[in-house]
Every structure is written in C-alpha cells, then in structure tokens.
Amino acid sequence: MGGVPLNWLFAAPFLIGLLALLRARRRPGPALSGALGRYQRRASRWRTGGLVAGLCAAVCLAYLMNYGSAGIVFGGCTLAGVLIGELRVPRPEGPVRAAVLTPRQVRHYFPRRCTALFAALVVALAVLLTAVVVATRRSAVRDGFVLLTCPNGTAFMLAEQDVSTLVLGALGCVVGGAGVCLLAARRVVTRPALPGAPTPDHALRASSVEAVALAWGCLVASWLLMSSVLTADYLQALREVPCNNRELLAPYILALLAALGSAAGLVHLVIRLTRLPAPNGTAA
C-alpha cells in the first residue's frame, strides 16, 4: 500500500461527504416561521459550518499525510458545530408551555436506526486497539520505543507514545464524547417548548438529538479510520523489504477492511447529518 493509495483511502470519505453537503445545500428545505424557524436556521448554519470546516481541514491534512490530526480535527469540528448550534437556543419570551403528558427522555428521541452502526464502530475500534496494544506489549521496549524484530533480524522502532495516543484518543472519543453528547441531548430534550405548534417543536427536538448522535458517530468513525489506516501502514511496512514478514498478511488485510468499513460508515453518517428530517417529516 503506497503513499498515494493511502492518501486516497483516508481522504475519500471526507471528499464524498463534502460533495454530499454541497448537493444537500442546493435543495431548499421547508421553512418555519417565528422562534422555531430562527432556531432551525441557526442550528443548520452552525452544523453546516462545522462540517465544511472539518471536511476541508481533513482533506488538506490527509494530503499532507497527517492522518492523526485529520481524524480528530474533522470529528472535533463536526461535533463542535452541532453542539453550538443546538445549545445556542434563546430562552422563549413570554408565557412558556412547560407541561407535558409524559416526561421527555433522551431515549424517546434517540435514532434507533443508528444503534447497530454505532455499536459496530465502537466494537471495531476496541478490537483494533486491543490487538495493537497486545502486539506491542509482546515486543521489547527500550527507552520509550517498541522494537519490532523481523524474521531476518531487521528491527523497526515504534514510539510507545504513539500507541498510548491512539488508546487515550479512542477513550476520549468514545467515553468523553458520549458523555458530552448525552448532556447536550438531555438539555435539548428538557428545554422549554419554543412558541409555536407542538408538532414542529417535537420534530425539532428529535432532529436535534439525532444531529448530536450523528456527530458523535462521526467522531468515533473518523478516529477508527485514522487508527486502522495507520495500523495498515505499519503492517505494510513490516511486510515489505527489508522485513519481508509474510505472516503479517492476515492482520494487514483485517486492518485494511477496518479502514474501508469505517470509511463507509463515516460517509453514511455525514450524509445522514446533511439530510436530517425537517419538522414536517421531509428531508431538509
């Protein structure tokens, strides 16, 4: 796997997401009036701004082969844009309709169609990083470097800090990101009702919670893509001259499949984020 294919594999989902975003912005969506309309437009602008900034930065960083920064920058920009847009909701003026027949809970608004994809991303990331940690722990460590010895005696060095960064970054994306998104979703669900009909307000809450969940999914998918691409790159280097370790073919293929799967999942999540349902149930 050379440098150019690696660049394209990593940059492809971000390029496709950028094209999907530009195509989605050409389709005018249904407009709401009053406070609901202002909230919808503000959230949409912040969401789009975060996606554009993250996608453009990720493409540029992927071209420079800075894969670690590209993944976290895209996920961070996307998540920040969604959270700012959803949490910057002005308090309604005048009488507030706060009484509801049943208490609102996050699970009532969570997009269940994404549950399987979210679970697959988290499991794949956990399996990949566990395999990397186990493999490095079995190798000799000297002065902060992991020594990878080839069958012909050639030795490669990998900074132990690189492995720690992958693991800690994954924990931050999965656990820390999930905690922040859960708090944001809870605030969206429990905020006072905006002036207007109850049906559009309920639909906006569902769209907001789905946007927060999709942004967290983008963060996890981008980190999995970055981790699997870097792992595949290291394995490919150990498979070729001068190492010639053919036993690494199976792990290399698995890492490559993880990269392809995470890329496909990332494209799906970005497209979903650009085509969130509008209050009347049509695509925005």
Side-chain angles (χ1 to χ4, degrees), residues 6-27 29 43-44 46-59 61-62 67 70-83 85-86 109-128 170 173-174 177-178 181 184-185 206-229 232 254-278 281-284:
L6 190 62
N7 283 355
W8 279 110
L9 174 61
F10 191 84
F14 302 109
L15 287 170
I16 296 173
L18 187 58
L19 294 175
L21 178 61
L22 294 176
R23 184 171 182 269
R25 298 304 296 176
R26 292 181 179 179
R27 298 193 309 269
S44 178
W46 277 103
R47 190 184 306 149
T48 302
L51 276 172
V52 170
L55 289 169
C56 291
V59 171
L61 290 171
Y67 307 118
I72 193 63
V73 166
F74 167 74
C77 288
T78 302
L79 185 59
V82 170
L83 293 181
E86 300 299 343
Y109 295 87
F110 186 81
R112 302 185 186 279
R113 293 174 296 177
C114 299
T115 303
L117 177 58
F118 291 161
L121 290 173
V122 173
V123 170
L125 183 58
V127 171
L128 175 67
C173 291
V174 176
C181 290
S207 179
S208 297
V209 173
E210 183 173 1
V212 172
L214 292 174
W216 175 79
C218 288
L219 181 64
V220 176
S222 60
W223 194 267
L224 173 60
L225 176 62
M226 179 269 295
S227 302
S228 55
V229 165
L254 292 177
L256 194 59
L257 290 176
L260 294 173
S262 58
L266 184 59
V267 170
H268 174 75
L269 292 171
V270 171
I271 292 177
R272 284 283 302 272
L273 193 56
T274 59
R275 304 178 66 180
L276 284 175
T282 60

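Predicted model only: the values in this text are computed from it and were never measured.
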Partner residues of Val73 under the side-chain contact (heavy atoms from CB on, under 4.5 Å) criterion, sequence neighbours left out: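 So Val73 forms a side-chain contact (heavy atoms from CB on, under 4.5 Å) with Ala57, Leu61, Cys77.
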Results of side-chain contact (heavy atoms from CB on, under 4.5 Å) for Ser262 - residues two or more places apart only: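 Result, side-chain contact (heavy atoms from CB on, under 4.5 Å) vs Ser262: Leu224, Leu225, Ser228.
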For the residue pair [X] and [Y], what are the closest heavy atoms and their distance?
X	Y	result
Val220	Leu125	CG1-CD2, 4.3 Å
Trp223	Ala170	NE1-N, 3.3 Å
Val212	Ala184	CG1-CB, 4.5 Å
Gly217	Leu121	O-CD1, 4.0 Å
Leu219	Gly76	CD1-N, 4.0 Å
Gly85	Trp46	CA-CB, 3.5 Å

Distance (rounded to the nearest 0.5 Å) between Arg113 CZ and Phe118 CZ: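 Rounded to the nearest 0.5 Å, the CZ-CZ separation comes out at 11.0 Å.
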Separation of Leu214 CG from Ile271 CD1 (nearest 0.5 Å):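 One gets 12.0 Å once the value is rounded to the nearest 0.5 Å.
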Is there side-chain contact between [X] and [Y], with at least one heavy-atom pair below 4.5 Å?
X	Y	value
Leu254	Val127	no
Cys218	Leu79	no
Leu83	Trp216	no

Ser208: partners by side chain to side chain donor-acceptor pair (under 3.5 Å), with sequence neighbours left out: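 Residues passing side chain to side chain donor-acceptor pair (under 3.5 Å) with Ser208: Tyr39, Glu86.
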Gly75 backbone acceptor or donor facing Thr78 side chain under 3.5 Å: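 Not at all, since once roles are kept as given, no pair shorter than 3.5 Å links the two residues.
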